[in-house]
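Because the structure is predicted, anything quoted here is derived from the model rather than measured. Note that ligands are numbered from 1 as they come in the structure, with each ligand's atoms numbered from 1 the same way.
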Amino acid sequence: MSAVDRAQELAQNLAAVRRRVADAESAAGRADGSVQLVVVTKTFPAQDVRLLAGCGATDVGESREPEAGQKARACADLGLRWHQVGQVQTKKAAAVAAWADVVHSVDRERLVAALERGHRRALDEGERPHGHVLDVLVQVDLADDDERDPGRGGAAPRDVDELAAAVAAAEGLRLAGVMAVAPAGVDPRGPFERLAQVAAAVRAAHPGATAVSAGMSGDLEAAVAAGATHVRVGRAVLGARPAIV
Ligand SMILES: *Cc1c(COP(=O)(O)O)cnc(C)c1O
């Protein structure tokens, strides 16, 4: 596909997803623009990020090192807000803290500590501007206890309070809210309602933690209906990814 065709395809897809988000906002009686679209560009080249920025995308999501950091650095001139949406291995936390503005997928205390250390080092080494703060969301596993899949990540709902407190206490990190991926093969409405309850409990203890990151290409309407403030959309904007990701 030529660069011009790709630019057109991305512009059309982005416009269509924006319409879906706007329709979902209005169907839920929510204000226009109350949901932030994060375009998930994992596996796609930096050139696509550049084209999306040209269409007015402001927030992009990535998932894997070293691809994510390389792309963020290649696109540093675009002034985008960079989100880490996928699982983070503890040993990769420092690498993520050097480029991400928001980490959606914090599900254990060891990772909080590793992000705090990595972010401090990035500040010390001048990789992040003075005063930069890393926004952190606690990822919640919405599956039933007997169906929990460690591969998908997320803390059990009963562990969220403690984890949220650990993020709130960490220097250089800001507890921004909660995130979830709906379990596969079930109606996402139930899980997203459960996430809304977890989010309300977190907000009661930490009033600034207002973000609810939920909803992807296949289920963003259900997420917006349940109060999502951020949707993370990949395929519906960029097209199919290789099956391994
Ligand atoms: C890849 C990914 C997305 C985007 O999923 P699509 O189905 O492509 O919209 C959203 N959230 C997370 C955590 C992801 O890993």
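- Applying the 4.0 Å criterion to heavy atoms of V233 picks out, from ligand 1, the atoms 9 (O).
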Report task. Take T229 and Q36 through the test side chain to side chain donor-acceptor pair (under 3.5 Å) and record every step on the way to the result. Result -> CA-CA 6 Å; T229 61; Q36 175 66 54; over 6 Å; no

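- Of the charged side-chain nitrogens involved, none lies within less than 4.0 Å of a carboxylate oxygen, so that K91 and E65 do not count as a salt-bridged pair.
- When all heavy atoms of D101 and R81 are compared, the closest pair comes out as OD2-CA, 3.6 Å.
- The contact set between ligand 1 and G234, taken as ligand atoms under 4.0 Å from a residue heavy atom, comprises 4 (C), 6 (P), 8 (O), 9 (O).
- Distances between N or O atoms of R232 and those of ligand 1 include at least one value under 3.5 Å.
- Checked options H119, R121, R120; the residue passing with L123 is H119 (criterion: side chain to side chain contact (heavy atoms under 4.5 Å, CB included)).
- Between D77 and R50 a salt bridge is recorded (basic side-chain N to carboxylate O distance below 4.0 Å).
- Put simply, part of R241 is less than 4.0 Å from ligand 1, judged by heavy atoms.
- Proximity of M179 to ligand 1, defined as any heavy-atom pair under 4.0 Å, is confined to the side chain (atoms from C-beta onward).
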